[in-house]
Amino acid sequence: MSTSSFTSAKPAGAKPIASSRSGSRSLQKGAQTRAAILDAALGLASHMGLEGLSIGALADVTKMSKSGVFAHFGSREELQIAVVREYHAKFEEEVFYTAIRQPRGLPRLRALFERWVHRTSVEVDSGCIYISGAVEFDDRPGPVRDALVGMVRDWHAAIRKAILLAQEVGHLAPDADPDQVLFEMHGLILSLHHDARFLRSDGALARARTGLERILGSFATPAGRKADAETRQTLPHPATAAAAVAGTPVPGRKRA
């Protein structure tokens, strides 16, 4: 809505422009405060789990009053759900939207896996909310569990679509079971997270990548292997993620 149309809808003598600007500033400040609280909550949840979140703990971290934090979320459950959605948005931005720049087929499928691996390697020192949340809420029905399940299913659906597209363009064999390929890819990520974070195994990343090569080796067509080889050099160098898993600082990269 333009300023002129907004003004014409107001009675004479009113100050719509000033009121609009004041209201806009208030909304902007409120959104900025909420974003700051949510960012702090995401950091807490990454290290302590969703169950470690509380209005009180968040008030301490943000140096706000409990009532101030409560005003933005209303309840601990709403806060947890907001954190799940924020995590999913960041995950999509870093993994999905980066990977889909690759051509359809095996190049895109590999890029999705490589970005997923990279994200997992960065989270070795903090934790993956999808994985920790599954442990916390696997047998606890409710809105938080529903939000977690919905986000993970959305991500799985994206991977499954990439698998189907790879079949459509002739990069994966028609008899490859998309659900089985997805299951095995997700299994590699879970194993990577467990062995790198819990066991501190230096070889976890290499084994995850070897696992992907075996999956693709079983179903990739000659055309798929050719397309894959032609685009692999555009993906992040494996040493970057390997250094993250081993705890070695990587120049130019900030910890998540």
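Since the structure is predicted, the reported quantities are computational estimates derived from the model, not experimental observations.
Here the straight-line distance linking atom CZ of R108 with atom CD1 of I100 works out to 6.0 Å at 0.5 Å rounding. Going from atom CG of D39 over to atom CZ of R34 covers 12.5 Å, rounded to the nearest 0.5 Å. Rounding to the nearest 0.5 angstrom, the gap separating the CG atom in L109 from the CD atom in Q167 is 10.0 Å. For the atom pair OG (S75) and CD1 (I55), the distance works out to 7.5 Å, reported to the nearest 0.5 Å. We find the CZ-SG distance between F91 and C128 to be 7.0 Å, quoted to the nearest 0.5 Å. Here L205 contributes atom CG and D195 contributes atom CG; the two are 11.5 Å apart, rounded to the nearest 0.5 Å.
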Residues 178-187, side-chain donor-acceptor partners within the protein, below 3.5 Å, at least two apart:
unit_1	atom_1	unit_2	atom_2	d
D179	OD1	R160	NE	2.8
Q180	NE2	E184	OE2	2.9
H186	ND1	H156	NE2	3.3

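Of all heavy-atom pairs between K66 and G56, the closest is CE-CA, 3.8 Å. Nearest approach of R115 to A99, heavy atoms of both residues: CG-CB, 4.2 Å. Residues E136 and R140 share a closest heavy-atom pair of O-CD, 3.3 Å. Taking every heavy atom of both residues into account, T231 and P107 meet most closely at OG1-CB, 3.2 Å.
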What do the steps show when you test T120 against R197 for side chain to side chain donor-acceptor pair (under 3.5 Å), and what is the final call?
CA-CA 10 Å; T120 303; R197 181 169 167 79; over 6 Å; no
Could you go through E230 and R225, starting from their C-alpha distance and side-chain angles, then the distance that decides it, and tell me whether this counts as salt bridge (Lys or Arg N to Asp or Glu O under 4.0 Å)?
CA-CA 9 Å; E230 290 174 348; R225 294 189 184 95; over 6 Å; no
Let's go through D154 and K161 carefully: what are the C-alpha distance in whole Å and the side-chain angles of both, what is the deciding distance for salt bridge (Lys or Arg N to Asp or Glu O under 4.0 Å) to 0.1 Å, and is it a yes or a no?
CA-CA 11 Å; D154 283 349; K161 182 176 180 180; over 6 Å; no
Test side-chain contact (heavy atoms from CB on, under 4.5 Å) on D228 and R110; report intermediate values, then the result.
CA-CA 8 Å; D228 185 36; R110 180 183 289 278; 2.7 Å; yes
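With a 4.5 Å cut-off on side-chain heavy atoms, L192 and L188 do not count as touching. Between S46 and I129 the shortest side-chain heavy-atom distance falls below 4.5 Å. Q80 places a side-chain heavy atom less than 4.5 Å from the side chain of F137. Proximity of H47 to D125: side-chain heavy atoms (C-beta onward) are nowhere separated by under 4.5 Å. You'll find the side chain of R214 reaches within 4.5 Å of the side chain of T210, heavy atoms only. Within the 4.5 Å cutoff, the side chain of R207 has no heavy atoms near those of the S191 side chain.
Using modelled atom types, one side-chain atom of T221 and one backbone atom of G170 make a donor-acceptor pair closer than 3.5 Å. Of the possible donor and acceptor atoms, one in the side chain of R145 sits under 3.5 Å from a partner among the backbone N and O of D138. Proximity of a side-chain donor or acceptor of H171 to a complementary backbone N or O of L106 within less than 3.5 Å is detected.
Hydrophobic clustering of Ile, Leu, Val, Met, Phe, Trp and Tyr side chains at less than 4.5 Å, counting indirect connections, keeps L164 apart from L172. Tracing side-chain contacts under 4.5 Å through hydrophobic residues (I, L, V, M, F, W, Y), one never reaches I163 starting from L165; they form parts of separate clusters. Residues V152 and W155 share a single hydrophobic cluster, defined by chaining ILVMFWY side chains whose heavy atoms lie under 4.5 Å apart.
Here E51 pairs with R76 in a salt bridge; the nearest charged N to carboxylate O distance falls below 4.0 Å. Classification of E86 and K90 as a salt-bridged pair holds, one side-chain N sitting under 4.0 Å from a carboxylate O. Under 4.0 Å is where a charged nitrogen must lie from a carboxylate oxygen, and between E213 and R209 no such pair does.
Residues satisfying the ring pair (Phe, Tyr, Trp, His ring centres under 6.0 Å) test with Y87, not counting sequence neighbours, are Y130. Scanning for salt bridge (charged side-chain N to carboxylate O under 4.0 Å, His left out) contacts around D175 gives an empty result, with sequence neighbours left out. Residues that satisfy the ring pair (Phe, Tyr, Trp, His ring centres under 6.0 Å) test with Y97, not counting sequence neighbours, are absent from this structure.
By the neighbour-count criterion of 12 heavy atoms within 6.0 Å, atom CZ of R85 is sparsely surrounded, having that number or fewer from other residues, nucleotides or ligands.
For the side-chain contact (heavy atoms from CB on, under 4.5 Å) with F113, the qualifying choice from V95, I159, I189, I215 is I189, the only one to do so. With L38 as the partner, the side-chain contact (heavy atoms from CB on, under 4.5 Å) test is satisfied by one option alone out of L58, T33, V83: V83.
The hydrophobic cluster containing V169, built from Ile/Leu/Val/Met/Phe/Trp/Tyr side-chain heavy atoms closer than 4.5 Å, comprises no other residue. The hydrophobic cluster containing L190 also includes I131, under a criterion of side-chain heavy atoms closer than 4.5 Å among ILVMFWY residues, counted directly or through chains of members.
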